[in-house]
Amino acid sequence: MTATATRVLVLNSGSSSVKYQLIDMNDGTRLAVGLVERIGEQTSRLAHTPLAAGGDKRETEGAIADHDAALKAVAAELAADGLGLDSPQLAAIGHRVVHGGLKFTEPTVIDDAVLKEIERLVPVAPLHNPANITGIRTAQAMRPDLPQVAVFDTAFHATMPEYAARYAIDVETADAHRIRRYGFHGTSHAYVSRKTAALLGKDPSEVNVIVLHLGNGASASAVAGGRCVDTSMGLTPLEGLVMGTRSGDIDPAVTFHLKRVAGMSTDEIDALLNKKSGLIGLCGDNDMREIRRRIDEGDERARLAFDIYIHRLKKYIGAYSAVLGRVDAVAFTAGVGENAAPVREAAVAGLEEMGMAVDASLNAVRSDEPRLISPEYARVAVAVVPTDEELEIAQQTYALVNA
Ligand code: ADP
């Protein structure tokens, strides 16, 4: 790395997509952002926006066979703006890696041993880690000389005490198969809890925050003095809150029942709980905008789906209030948390005795900035804090390669 290398490329490789951002770490400026979707299909789509050049979004459609081809297409787009991967200004590539198991609790420079360990974790993250590995391999092949850093979704949750992380099942069985609560969305929970402290004018070590990351996937965490002490996702991202397509918490005996009585296979049950449950299973839609629109039209199924979603959210706010003892702030983030005022209002409604309330006019404000939506008298600050996982990954990556 040269002294002028101040840029980090962040890659977030999903099962059929790659999201990327090229960020200048001098001031966090986005030089380019983009997304490749539907990798492996005939209708793959690449959308690239060269922000540095002030350019418009460029979209190309057409088959992109695999992640290797996707990254090459991304590299070509970047090169067209003079931001190619061969640039001496590029300091590192930061990869989002979903599952870091017990071993990876910090951002880690990737070498063969690290890659092997990420591979070893595929059984606990079958949907995510394989795509992350492909992304890393392709990026390594393109710039073998450049530091590649893995930033793990699980890392922030590594501080959970054993009594929060361990399931109440036979210890030998659990340990033999590495079964425990790992938690996910950690990069977002870390970023948002820190930003919330800043919004209150405090150091993270001084505040207790409940973070509600409500995207298509959703998770809650209890953060005490900057350290995660509990989180709602578990061994996999299936546990916890009601999500776009995942059930969240459910009696595990439901799965035996589906197998024994409904005759479903393990893979079918997996697909049912991960892809056909949650909001989409309950009402046929997983987009909160559409659900709100249907509710406004008097749709009962959409109403019930919304109420189930909110009920679960409330239970976690209550549980984490008890876990933390004192709550300074509740922070809403991600697609639903940042945009859906009715979700924020309903989740906090009736919690006045717990010091929580939402001011209707503050809640109605639309903004990209962190902001308070609680009335002045409320003991607990309720906040909307836009998450920025890419910036967090870039910052952790840059800090590591400059250490
Ligand atoms: P993920 O990263 O998990 O795919 P996001 O954090 O981008 O998800 O959140 C996507 C979800 O956010 C959508 O499915 C939709 O339910 C919700 N969402 C996005 N914009 C709005 C909006 N303006 N109003 C309500 N919900 C929204």
Side-chain angles (χ1 to χ4, degrees), residues 10-21 33-39 45 47 96-98 125 127-128 131-132 151 153 183-192 195 211-221 231-233 236-248 274-297 299 302-303 305-306 308-310 312-313 331-347 358 363-368 370-371 373 384-393:
V10 177
L11 289 179
N12 180 353
S13 306
S15 55
S16 66
S17 70
V18 177
K19 288 187 206 155
Y20 61 95
Q21 291 196 0
V33 302
L35 165 71
V36 191
E37 290 175 294
R38 299 195 289 270
I39 296 171
R45 182 174 150 270
R96 174 189 183 211
V97 179
V98 168
L127 300 176
H128 296 103
N132 302 155
V151 177
D153 256 29
F184 299 89
H185 292 142
T187 314
S188 177
H189 287 283
Y191 179 87
V192 170
K195 279 271 170 186
V211 179
L212 302 169
H213 176 111
L214 311 177
N216 199 26
S219 64
S221 70
T231 193
S232 60
M233 282 177 167
T236 78
L238 181 55
E239 196 181 351
L241 299 173
V242 176
M243 311 183 207
T245 67
R246 299 189 194 119
S247 63
N274 273 298
K275 301 198 173 128
K276 292 186 239 161
S277 296
L279 293 170
I280 209 161
L282 288 165
C283 74
D285 273 307
N286 63 333
D287 192 308
M288 194 51 83
R289 284 163 288 201
E290 188 56 20
I291 291 170
R292 290 303 311 175
R293 197 191 57 72
R294 284 173 55 187
I295 291 172
D296 289 343
E297 288 177 352
D299 186 315
R303 174 86 248 168
F306 183 82
I308 294 170
Y309 183 95
I310 296 297
R312 184 81 51 85
L313 206 47
F332 287 89
T333 195
V336 175
E338 291 167 29
N339 296 299
V343 168
R344 299 191 296 255
E345 183 192 337
V358 162
N363 193 31
V365 172
R366 300 195 66 86
S367 158
D368 294 335
R371 58 200 184 272
I373 56 168
V384 181
V385 180
T387 192
D388 195 338
E389 291 166 280
E390 288 77 17
L391 182 62
E392 179 72 18
I393 291 170

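Counting begins at 1 with the first residue of the sequence. Order of appearance sets the numbers: ligands from 1, and atoms from 1 within every ligand.
- Residues that satisfy the salt bridge (Lys or Arg N to Asp or Glu O under 4.0 Å) test with R289, not counting sequence neighbours, are D287.
- Protein residues with a heavy atom closer than 4.0 Å to ligand 1 are G215, N216, G217, N286, D287, M288, R289, A334, G335, V336, N339, A340, R366, listed by chain and number.
- Side chain of S16 to backbone of I39: no donor-acceptor contact under 3.5 angstrom is found.
- Residues forming a side-chain hydrogen bond (donor to acceptor under 3.5 Å, both in side chains) with Y20 (at least two apart in sequence, or on another chain): H48.
- A distance-only check finds a donor-acceptor pair linking the side chain of R344 to the backbone of N363 [under 3.5 Å].
- For R312, there are no salt bridge (Lys or Arg N to Asp or Glu O under 4.0 Å) partners at least two apart in sequence or on another chain.
- Counting heavy atoms from C-beta outward, T333 and E338 have side chains that approach closer than 4.5 Å.
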